[in-house]
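These numbers come from the heavy atoms of this one structure, side chains and all, not from hydrogens, waters or symmetry mates.
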Amino acid sequence: MMTKEEITMVGFEIVAYSGEARSKLLLALEKAKQQHFDECNSLIEQANDCLNDAHKAQTELLSLEARGEEIAIGFITVHAQDHLMTTLLLKDIVFHLINIYH
């Protein structure tokens with residue numbers, strides 16, 4: 001069973017990976033505006049790697065709960081989920097905008 005502190009650390013991990021992905025997605029959009037699509041594509045790949053890492057951390061918590069373990073969810077964990085979901089939405093919007101610039 002994970003302690004509340006360990007769950008909080010997973011939350012911070014999700015926030016960090018999501019924040020890094022968000023930054024890379026916004027920079028990718030700027031590169032698309034400048035018609036630098038090779039750099040844009042590289043940044044998108046890096047953002048996807050960050051999002052995959054965030055999902056792995058999230059899945060760790062989901063697996064615990066699915067096994068019937070009680071998880072002490074704190075505000076940081078809720079904030080982490082919010083951060084991840086808004087970054088995923090941003091990713092969809094950025095992809096549409098990049099296609100327009102293309």
Side-chain angles (χ1 to χ4, degrees):
M1 185 168 173
M2 286 182 104
T3 66
K4 185 173 182 175
E5 290 78 20
E6 291 171 323
I7 292 168
T8 298
M9 291 309 295
V10 173
F12 280 129
E13 200 176 327
I14 294 168
V15 169
Y17 286 130
S18 298
E20 184 71 17
R22 181 183 186 279
S23 296
K24 291 182 182 305
L25 288 167
L26 292 174
L27 186 54
L29 183 58
E30 285 301 314
K31 294 298 178 182
K33 284 181 189 177
Q34 300 165 0
Q35 303 292 304
H36 298 160
F37 292 107
D38 287 340
E39 291 176 77
C40 173
N41 292 335
S42 175
L43 288 161
I44 296 243
E45 286 179 25
Q46 292 171 41
N48 282 331
D49 289 342
C50 292
L51 287 170
N52 286 336
D53 289 337
H55 273 294
K56 286 177 191 172
Q58 180 191 44
T59 301
E60 183 180 349
L61 295 179
L62 291 171
S63 295
L64 287 173
E65 188 171 18
R67 288 193 304 260
E69 294 187 32
E70 289 216 18
I71 299 176
I73 301 292
F75 186 74
I76 291 170
T77 310
V78 173
H79 176 65
Q81 184 64 26
D82 183 49
H83 224 316
L84 178 56
M85 297 312 295
T86 57
T87 302
L88 289 171
L89 177 61
L90 176 66
K91 177 184 163 185
D92 291 341
I93 293 168
V94 165
F95 282 161
H96 288 293
L97 291 172
I98 288 171
N99 283 333
I100 291 169
Y101 286 119
H102 224 298

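When only modelled atom types and interatomic distance are considered, Thr77 and Gln81 share no side-chain donor-acceptor pair under 3.5 Å.
Between His83 and Ile14 the shortest side-chain heavy-atom distance does not fall below 4.5 Å. Counting heavy atoms from C-beta on, the side chains of Thr86 and Leu90 never come closer than 4.5 Å. Counting heavy atoms from C-beta outward, Tyr101 and Leu29 have side chains that approach closer than 4.5 Å. Using a 4.5 Å cut-off on side-chain heavy atoms (C-beta onward), Leu64 and Arg67 make contact. Annotation: side chain of Leu51 is in contact with side chain of Leu84 (closest heavy-atom distance under 4.5 Å). In this structure, the side chains of Met2 and Leu61 come closer than 4.5 Å at one or more pairs of heavy atoms. The side-chain heavy atoms of Lys31 and Ile44, taken from C-beta on, include no pair separated by under 4.5 Å. Side-chain contact between Ser18 and Arg22 is absent, with no heavy atoms from C-beta onward closer than 4.5 Å.
Partners of Phe95 under the ring pair (Phe, Tyr, Trp, His ring centres under 6.0 Å) rule, at least two apart in sequence or in another chain, do not exist in this structure.
Here the straight-line distance linking atom NZ of Lys56 with atom CD of Glu13 works out to 10.5 Å at 0.5 Å rounding. Note that the SG atom of Cys50 and the NE2 atom of His55 stand 12.0 Å from one another [nearest 0.5 Å]. Annotation: the span from Glu20 atom CD to Leu25 atom CG amounts to 10.5 Å, rounded to 0.5 Å.
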- Message: One pair to check against side-chain contact (heavy atoms from CB on, under 4.5 Å): Val94 and Lys24. What are the steps and the verdict?
- Response: CA-CA 11 Å; Val94 165; Lys24 291 182 182 305; over 6 Å; no

- Message: As a quick check of understanding, evaluate side-chain contact (heavy atoms from CB on, under 4.5 Å) for Glu39 and Gln34, giving each step before the final call.
- Response: CA-CA 10 Å; Glu39 291 176 77; Gln34 300 165 0; over 6 Å; no

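Residue Ile98 comes nearest to Ala32 through the heavy atom pair CG1-CB, 3.8 Å, listed as atom of the first residue, atom of the second, then distance.
For Glu65, the CD atom sits in a loose shell: 12 or fewer heavy atoms of surrounding residues, nucleotides or ligands are nearer than 6.0 Å. Atom CG of Asn99 sits in a crowded spot, with more than 12 heavy atoms from other residues, nucleotides or ligands closer than 6.0 Å.
Linking ILVMFWY residues whenever their side-chain heavy atoms come closer than 4.5 Å, directly or via other members, leaves Met9 and Phe75 in distinct clusters. There is no path of hydrophobic side-chain contacts, each under 4.5 Å, that joins Ile71 to Met1. Residues Ile73 and Phe12 are members of separate hydrophobic clusters, defined by side-chain heavy-atom contacts under 4.5 angstrom among Ile, Leu, Val, Met, Phe, Trp and Tyr. Residues Leu88 and Val10 are members of one and the same hydrophobic cluster, defined by side-chain heavy-atom contacts under 4.5 angstrom among Ile, Leu, Val, Met, Phe, Trp and Tyr. No single ILVMFWY cluster, assembled from side-chain heavy atoms under 4.5 Å apart, contains both Tyr17 and Leu89.
For the salt bridge (Lys or Arg N to Asp or Glu O under 4.0 Å) condition, no pair includes a residue of residues 70-92, sequence neighbours left out.
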